[in-house]
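Presented below is the structure to which this report refers.
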Amino acid sequence: MSSGSSEQCSDDEGADLLPVVNDGDAVDNEEIRNIVQDYCTRSVGSTDTMVANNDYAETCRTTEEWDKEVDIDADYDAVIVEDEFSIPNDLIEGMCFTRKTDLQFALQGWAIKNNVQYIVIASNRTKFTIVCAKHDCPVYPCLWRLHSAQSKRLGGVWKISSIKNQHRCVSPILDSGHRQCNSQFISFYILPTIRKQMDLKPREIIGRMESKFNIKVSYMKAWDARRKAIKIVFGSWEESYRTLNLFMNAVASVMPGTVYRIQSTQTNRFQRLFWAFGPSITGWKYCRPVLSLDGTFLLGKYRGTLLTAIGMDANNGLYPLAFAVVESECTESWIWFLRQVNELLPVVTNRPNLCIISDRHAGLVRGCREIFPNVAHRHCLRHLRENFKKAIRQMGIGDVDFLCQKMYAAGNTDDRSFFNRCMEDMRRIKVDIHQWLVDRDVSRWSLINDGGFRFGVMTTNAAESFNGVLKRARGLPIQALITAIYYNIISMFMRRLEFIATEEQQNNNFFAPRVQTLLKKIEEEARRMPEPIRLNLNEFQVVDMSSRSYRVDILDGRRCKCSCEKPMLYHSPCSHVVCCLALLRRSHFEYVSPYYTTTNYKLTYSGEFHHIPNKDEWGEHNPISGIMPLLPPNYRRRSGRPRTNRYRNTMDEAQAGSSRLCGACHLAGHNKATCPTRFNRRN
């Protein structure tokens, strides 16, 4: 079934008038979908890297860092645009242009290339006349003049009727403040590029203008040009919010199971939006009961944050489930997001042994405690490492990187003796360090004490990886952003279905490819072990190659236990269990979780997406049914260049080398055994 609702909250503002929208300026919804779909098709290769991992990785957290960092958003081959608008080298009487905007663009480009400037003296629906900007110069006036008009005889095209006199004011020095090089011209020039590279940065626009016209434009002019180009291609932000109710209702009507909820004020001003596509909801019940929560900043005209809930399929691939656009990553927004997940997604609420992995944000901690009290809430090890690094510095302890590596190794290990050894090492260095980790509840951040809820997932890299795929859509109006997410998920579904079909034809394995590879490694380890000792009907003793002894219990109902605890942590048999099952002539495949099977892998992507109706099929606003036009949110960006406060954290720092000093001369770069003064000490 489809579900949609709208919440209204009180506010202290007076009633606002809805913006007047000119239907003639509306952008064709089909054209927007074609552009976004083309982008998703070209970027579908990035879904191959959307795999859960527990590696420590630095991330980009603010718009300022995103704009400065080149490697985060490297260009790809598809952004090379060959269909740029042509700019004539010369203007000739009789030249024709399809539209008036094409004529204006050609004149502006010609003026910039020839370093001349003009002013408009007449402009209406039928004629356009310009003269040289120095026509009234008292010393040396330039009498150049161009007149163009719309020709009814030629079917309404615009034609240059006359060009009088020649320019006498050509200067060899290019003026950086050229009259015709305005944001409107730049936006028209970058239109083909913005269709390919939807988040073209202002600094990239500056580089393109300097390369093409040898003119350097200001950052603000480039930013304003980008805003205008996005508005031309994807429509205005105000219109996107105004018809958001109709758009989401159309999406929910054609895709069964799709749910959404819009929260607005009493004056119908947008506040928050939550949605989840029906096929994603249907497929998630075949994934592991693990959700990674994270947020990423948006780059459009109105600031905001995109919250995501990401699961993992049988092949450790990321599986997008639910999204929300909120004002910021604050306590109230996270609680609201979790409440929508609880109320609108029964597949999550009723899921047994559910695990939520997130950072230790106050809203997430409080929301999980109040809304999901029976859910195992686990903390992201990478974010905890960041907090741990800050705590060490506040304690005034040296060798921070060594302690952070020790802490990360302790949280990521599945060997209890190694975990205890790491914790003891840190306790010996300083008791406060050990106590800080214990106070954070070791069951929430360490794998060995998890109890098997994590399925081996230690970080929120899953959610952040999907956010990275959306990096080229974060500056779009809200409907285009939703459309980009929609086509990204479709591309991911189709790519993985093709991959599953290929695997079935070539290998026909019972489990997903990555799981099958891990099982083969476990089988190889089991073959190198000596024959286990059977102590009773269910209990065995296994000695591995390092002479360590383990207890294995083969229970009824396809359950097994091992003192190494790996079957509980990963929900698949370890090499010790495989060794015992081989003695019993039983297959160890029966003891692998069904979430890893190829059947579940295929069912995860069995849902079908459908075409979103065109704008003329959305219907009309109806106050009786609660479908009202919405005003844009109050959290609009300030005028001028977008400014963000840069809150630096420990993840922004490069991995430094060891800060250990020589014990003899107390200098860095060597130790006591290799100290240059060792010969003097011997004498």
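All values derive from a computational prediction rather than experimental measurement.
Using a 4.5 Å heavy-atom cutoff, the side chains of Val515 and Ser572 are not in contact. Using a 4.5 Å heavy-atom cutoff, the side chains of Val438 and Met423 are in contact. Side-chain contact between Pro573 and Pro567 is absent, with no heavy-atom pair separated by less than 4.5 Å. Within the 4.5 Å cutoff, no side-chain heavy atoms of Phe323 are placed close to those of Leu481. Leu381 has its side chain within reach of Met407: a pair of non-hydrogen atoms, C-beta onward, lies under 4.5 Å apart. Here the side chains of Arg378 and Val290 are not in contact, with every heavy-atom distance at 4.5 Å or above. Within the 4.5 Å cutoff, no side-chain heavy atoms of Thr598 are placed close to those of Glu503. Side chains of Val542 and Cys580 form a contact here, defined as non-hydrogen atoms less than 4.5 Å apart.
One finds the CG atom of Leu518 at 11.5 Å from the CZ atom of Phe511 (value rounded to the nearest 0.5 Å). Rounding to the nearest 0.5 angstrom, the gap separating the CG atom in Leu291 from the CZ atom in Arg351 is 8.5 Å. Note that the OH atom of Tyr595 and the CG atom of Asp313 stand 13.5 Å from one another [nearest 0.5 Å]. Annotation: the span from Leu583 atom CG to Phe540 atom CZ amounts to 6.0 Å, rounded to 0.5 Å. Here the CG-CG distance, from Leu569 to Asp414, works out to 6.5 Å after rounding to the nearest 0.5 Å. The OG atom of Ser328 sits 7.0 Å away from atom CZ of Arg303, with the distance rounded to the nearest 0.5 Å.
With no hydrogens or angles considered, a side-chain donor-acceptor pair links Asn342 and Thr349 at under 3.5 Å. Tyr591 and Arg586 are linked by a side-chain donor-acceptor pair at a separation below 3.5 angstrom, with hydrogens and angles left out of the test. In this structure, a donor-acceptor pair under 3.5 Å is absent between the side chains of Gln405 and Asp401. Residues Glu327 and Ser333 have side chains that never bring a donor and an acceptor to within less than 3.5 angstrom of each other. A donor atom on one side chain and an acceptor atom on the other are found under 3.5 Å apart for Asn316 and Arg288. Defined by atom type and a distance below 3.5 Å, a donor-acceptor pair is missing between the side-chain atoms of Asp415 and Thr413.
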For the pair Trp275 and Val325, evaluate side chain to side chain contact (heavy atoms under 4.5 Å, CB included) and give the outcome as yes or no after the intermediate values. CA-CA 9 Å; Trp275 80 96; Val325 175; 3.9 Å; yes
I would like to know whether Phe372 and His377 meet ring pair (Phe, Tyr, Trp, His ring centres under 6.0 Å); could you show each step before the answer? CA-CA 9 Å; Phe372 292 97; His377 184 204; 9.8 Å; no
Using the rule given for side chain to side chain contact (heavy atoms under 4.5 Å, CB included), can you reason through Ile485 versus Phe277, listing the C-alpha separation, both sets of side-chain angles and the distance that settles it, and then say yes or no? CA-CA 10 Å; Ile485 295 174; Phe277 296 114; 4.2 Å; yes
Do Phe510 and Val592 pass the side chain to side chain contact (heavy atoms under 4.5 Å, CB included) test, and can you show the C-alpha distance, the side-chain angles, and the key distance before you say yes or no? CA-CA 11 Å; Phe510 189 71; Val592 181; over 6 Å; no
Side chain to side chain contact (heavy atoms under 4.5 Å, CB included) for Arg548 and Ser417? Distances and angles first, verdict last. CA-CA 12 Å; Arg548 296 181 61 179; Ser417 61; 3.7 Å; yes
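You'll find the ring centres of Phe388 and Tyr408 outside the 6.0 Å limit. In this structure, the ring of Tyr605 has its center less than 6.0 angstrom from the ring center of Tyr319.
Thr517 contributes a side-chain N or O that, together with a main-chain N or O of Pro513, makes up a donor-acceptor pair within less than 3.5 Å. The main-chain N or O of Arg514 is found under 3.5 Å from a side-chain atom of Asn315 such that the two form a donor-acceptor pair. Listed for the Arg534 side chain is a donor-acceptor partner under 3.5 Å among the backbone atoms of Leu537. Here the side chain of His383 pairs no donor or acceptor atom with the backbone of Ser358 at under 3.5 angstrom. Distance alone, capped at 3.5 Å, is enough to place a donor-acceptor pair between the Arg454 side chain and the Arg444 backbone. In terms of modelled atom types and a separation under 3.5 Å, the side chain of Thr308 and the main chain of Ile310 share no donor-acceptor contact. Asn600 places a side-chain N or O within 3.5 Å of a backbone atom of Tyr286 that can act as its donor or acceptor partner. Asp441 places a side-chain N or O within 3.5 Å of a backbone atom of Ser443 that can act as its donor or acceptor partner. A distance-only check finds a donor-acceptor pair linking the side chain of His361 to the backbone of Glu329 [under 3.5 Å]. A donor-acceptor pair under 3.5 Å is absent between the side-chain atoms of Ser593 and the main chain of Tyr596, judged by distance alone.
A salt bridge is defined here as a Lys NZ or Arg NE, NH1 or NH2 lying under 4.0 Å from an Asp or Glu carboxylate O, and Arg382 with Glu386 fails to meet this definition. Electrostatic pairing of Arg527 and Glu524 does not count as a salt bridge here, judged by no charged N lying under 4.0 Å from a carboxylate O.
Contact between Gly411 and Met458 at its shortest, heavy atoms only, is O-CE, 3.2 Å. Here the closest heavy-atom approach between residue Ala410 and residue Trp445 is recorded as C-CZ3, 4.4 Å. Thr460 and Ile357 make their closest contact through CG2-O, 3.6 Å (heavy atoms, listed as atom of the first residue, atom of the second, distance). Taking both residues in full, the closest heavy atoms of Ile356 and Val375 are given as CG1-CG1, 3.8 Å, listed atom of the first, atom of the second, then distance. For the pair Ile335 and Gly363, the tightest heavy-atom approach, listed with the atom from each and the gap, is CG1-O, 3.7 Å. Heavy atoms only, all atoms of each residue included: Val347 and Trp284 are closest at O-CZ3, 3.4 Å.
His576 and Tyr550 have parallel rings, their planes meeting at less than 30° on a 0 to 90° scale where 60° marks the start of perpendicular.
Counted within 6.0 Å of NZ on Lys406, heavy atoms from surrounding residues, nucleotides or ligands total more than 12; the atom is thus considered enclosed. In this structure, Arg416 places its CZ atom where more than 12 heavy-atom neighbours from other residues, nucleotides or ligands lie under 6.0 Å away.
A cation-pi contact links Arg474 to Phe297, judged by a cut-off of 6.0 Å to the six-membered ring centre and 45° from its axis.
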